[in-house]
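Beneath this line is the structure, given in structure tokens, with notes to follow.
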Amino acid sequence: MSIVCEKVPKSGLVVKAGYIGVEDFVTVQRTERPKDLPIAEKWCMEPCFLPSFYEPMAQKIENFTVRPDDVWVITYPKCGTTWSQEMVWMLCNNLDYEGAKRKLTERFPYIEIGCLLSRDIPDLDQIEILENMPSPRFIKSHLPAHLLPPQIWTVKPKIVYVARNAKDTAISWYHHYVNYQHYKHTFDDFMEVFLNDMADFSPYHSHIIDFWNMRHEKNILFLTFEDMKANHPAVIEKTAAFFGKTYTKQQIDRLADHLSFAKFSKNSAVNMEAILQLVQDSLNVKMPDPSFTIARKGAVGSHKEEMTPELIERFNKFTESEMKRWKCDAELRKIFIL
């Protein structure tokens, strides 16, 4: 059940997948489906596309000790991760608005540090930080189900998974690539990368399908970005119940206001200004969009402003093909295609 990292051969598409400090990639996968984990039968087990310097992290993550009272937020990138982290942390910490002034990256570390930053940027050993954190720990990950620490499936901590439609995800990922990872290729280049499952942490569809297949597990809550936008108080209440918490309508409404994108995008504790500045200072670069924040827009359907009808059709056909390939039930179409 070992993890294997295979170097991706150079090609024109691999070049288009590169960004500042990152030119080489690997596909990461398990050698076989875990036989002692019945839940593994629900996984697609697709190789995951990652920068080559993820390789030294793979075994550390494989050996990571999971605790029963851990709280995990897992998403494919740009599916509302930071937004969900803040919601979960607040609900699990009795709506501690004073405590929420601490940086979210300190309150809610992520396990796969190094994947999205150039090796030239000084990193802390995030695994060591997590191992030494007192319980309960709040942990974020973009890794697909089969690459998460195996103990997560036996210890069964609480997991909140958030999905978002493919086209809005791709647009948000593109702007993140340009401003955070200093991607120098074109919009069309990046869309080719996404459509060929060669953006970091791809494939997109199987990432979501795995957790959709596991959504009835008692320790997993499956949410969507679109539901959060449509009726955030209802999602907050549902998430609170998942953690055994009860709050009044007034408390839920106040939290929804705290999480509104008008406030959230300007919240220095969550928008990672310090990390964005670190990237610029370390690599001597400037963001193309000085107003860019991690919580950039938070809209549903905004891809229509940037995608041509032809590109939208390509994305829809891509999704239809993947749904047929994985024999998805029709309900998933509502998540993938907006």
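- With hydrogens and angles ignored, the 3.5 Å screen pairs a side-chain donor or acceptor of Asn165 with a backbone N or O of Lys167.
- Once rounded to the nearest 0.5 Å, the distance linking CZ of Phe64 with CD1 of Ile127 reads 6.0 Å.
- Using a cutoff of 4.0 Å between basic side-chain nitrogens and carboxylate oxygens, Arg30 and Glu62 are scored as salt-bridged.
- With respect to the salt-bridge test (charged N to carboxylate O, under 4.0 angstrom), the residues Arg333 and Glu320 qualify.
- Between Asp210 and Cys44, the shortest heavy-atom distance links the atoms OD1-N, 2.6 Å.
- Both tests hold for Lys158 against Phe242: distance to the six-membered ring centre under 6.0 Å, angle to the ring axis within 45°.
- Judged purely by atom type and a 3.5 angstrom limit, Thr308 uses its side chain to pair as donor or acceptor with the backbone of Leu311.
- Two residues are said to be in side-chain contact when any heavy atoms from C-beta on lie closer than 4.5 Å; Met228 and Met87 meet this criterion.
- The aromatic ring centroids of Phe201 and His142 lie less than 6.0 Å from each other.
- Partners of Asp197 according to the salt bridge (charged side-chain N to carboxylate O under 4.0 Å, His left out) rule, which considers only residues two or more places apart in sequence or in another chain, do not exist here.
- Taking CD1 of Ile337 as the start and OG1 of Thr319 as the end, the distance is 5.0 Å to the nearest 0.5 Å.
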_Leu255 and Tyr247: CA distance, side-chain angles, deciding distance, side chain to side chain contact (heavy atoms under 4.5 Å, CB included) verdict_ = CA-CA 10 Å; Leu255 179 55; Tyr247 294 105; over 6 Å; no
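- In this model, a donor atom of one side chain and an acceptor atom of the other lie less than 3.5 Å apart for His175 and Glu306.
- A donor-acceptor distance shorter than 3.5 angstrom exists from the side chain of Gln251 to the backbone of Thr248, with no hydrogens or angles considered.
- Residues forming a salt bridge (charged side-chain N to carboxylate O under 4.0 Å, His left out) with Asp188 (at least two apart in sequence, or on another chain): none.
- With values rounded to the nearest 0.5 angstrom, Ile252 atom CD1 is found 4.5 Å from Glu237 atom CD.
- Using a 4.5 Å cut-off on side-chain heavy atoms (C-beta onward), Met307 and Ile171 make contact.
- Salt bridge Lys60/Glu131: absent, no basic N to carboxylate O contact under 4.0 Å.
- Between the side chains of Asn63 and Gln59, a donor-acceptor pair is found at a separation under 3.5 Å.
- Remark: Lys140 qualifies as a cation-pi partner of Tyr110 under the 6.0 Å distance and 45° angle criteria applied to the six-membered ring.
- In this structure, the side chain of His176 does not engage the main chain of Pro77 through any donor-acceptor pair within 3.5 Å.
- Among all heavy-atom pairs drawn from Pro203 and Pro47, the shortest one is CD-O, 3.2 Å.
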*Should Val162 and Thr81 be marked as a side chain to side chain contact (heavy atoms under 4.5 Å, CB included) after you check the CA-CA gap, both sets of side-chain angles, and the distance that decides it?*
CA-CA 7 Å; Val162 187; Thr81 320; over 6 Å; no
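- Here the rule is ring pair (Phe, Tyr, Trp, His ring centres under 6.0 Å) with Phe194, and of Phe315, Tyr183, Tyr177, Tyr174 only Phe315 fits it.
- The shortest heavy-atom contact between Phe25 and Gly18 is CZ-CA, 3.8 Å.
- A continuous path of hydrophobic side-chain contacts links Phe243 to Trp89 [ILVMFWY only; heavy atoms under 4.5 Å].
- Between the OG1 atom in Thr82 and the CG atom in Asn267 there is a gap of 11.0 Å [rounded to 0.5 Å].
- A heavy-atom distance below 4.5 Å is found between the side chains of Cys48 and Pro144.
- Remark: Arg325 engages Glu46 in a salt bridge, criterion side-chain N to carboxylate O under 4.0 Å.
- Between the side chains of Asp227 and Thr224, at least one donor-acceptor pair of N or O atoms lies under 3.5 Å.
- With a 4.5 Å cut-off on side-chain heavy atoms, Ser84 and Leu223 do not count as touching.
- Proximity of a side-chain donor or acceptor of Ser135 to a complementary backbone N or O of Arg137 within less than 3.5 Å is not detected.
- Side-chain atoms of Arg67 never come within 3.5 Å of backbone atoms of Pro136 as a donor-acceptor pair (strictly under, hydrogens ignored).
- Applying the 6.0 Å contact sphere to NZ of Lys10 captures more than 12 heavy atoms from other residues, nucleotides or ligands.
- A donor-acceptor pair is defined here as one N or O able to donate and one able to accept, closer than 3.5 Å; such a pair exists between the side chain of Ser202 and the backbone of Ala199.
- Between the Asp257 side chain and the Arg254 main chain, no donor and acceptor come within less than 3.5 Å of each other.
- A salt bridge is defined here as a Lys NZ or Arg NE, NH1 or NH2 lying under 4.0 Å from an Asp or Glu carboxylate O, and Lys101 with Glu98 meets this definition.
- When the side chains of ILVMFWY residues are joined at heavy-atom separations under 4.5 Å, either directly or via intervening members, Trp43 and Val4 end up in two distinct hydrophobic clusters.
- When all heavy atoms of Ile111 and Pro149 are compared, the closest pair comes out as CD1-CG, 4.0 Å.
- At a threshold of 4.5 Å between non-hydrogen side-chain atoms, the residues Leu221 and Tyr161 do not count as touching.
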*Quick one: do Leu332 and Ile209 satisfy side chain to side chain contact (heavy atoms under 4.5 Å, CB included)? Show the steps, please.*
CA-CA 8 Å; Leu332 255 179; Ile209 290 167; 4.0 Å; yes
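- No path of Ile, Leu, Val, Met, Phe, Trp and Tyr side chains, each step under 4.5 Å between heavy atoms, connects Val15 with Val193, placing them in separate hydrophobic clusters.
- Note that CZ of Phe211 is 11.0 Å distant from CD1 of Ile208, once rounded to the nearest 0.5 Å.
- What you find for Cys92 and Lys245 is that their closest heavy atoms are O-NZ, 4.0 Å.
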*Take Tyr204 and Tyr76 through the test ring-ring contact (aromatic ring centres under 6.0 Å, His included) and record every step on the way to the result.*
CA-CA 7 Å; Tyr204 157 84; Tyr76 182 85; 5.4 Å; yes
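- Two rings, from Trp83 and His232, have their centers less than 6.0 Å apart.
- In this structure a side-chain-to-backbone donor-acceptor pair under 3.5 Å is missing from His205 to Trp326.
- In plain terms, the two heavy atoms of Ala170 and Met191 that are nearest each other are O-CE, 3.7 Å.
- In summary, Arg107 and Glu86 engage in a salt bridge, as defined by a charged side-chain N under 4.0 Å from a carboxylate O.
- In this structure, CZ on Arg215 lies 15.5 Å from CD1 on Ile159, to the nearest 0.5 angstrom.
- Aromatic ring centres of His258 and Tyr97 lie closer together than 6.0 Å.
- Counting only heavy atoms from C-beta outward, the side chains of Tyr54 and Ile61 approach each other to under 4.5 Å.
- Contact annotation: the side chain of Trp173 approaches that of Gln181 to within less than 4.5 Å [non-hydrogen atoms, C-beta and beyond].
- Using modelled atom types, one side-chain atom of Asn132 and one backbone atom of Glu128 make a donor-acceptor pair closer than 3.5 Å.
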_Residue pair Thr169, Phe225: steps toward the side chain to side chain contact (heavy atoms under 4.5 Å, CB included) verdict_ = CA-CA 10 Å; Thr169 297; Phe225 183 96; over 6 Å; no
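- A salt bridge is defined here as a Lys NZ or Arg NE, NH1 or NH2 lying under 4.0 Å from an Asp or Glu carboxylate O, and Lys42 with Glu217 meets this definition.
- Contact of the Val14 side chain with the Ser11 side chain is registered, since non-hydrogen atoms from C-beta on lie closer than 4.5 Å.
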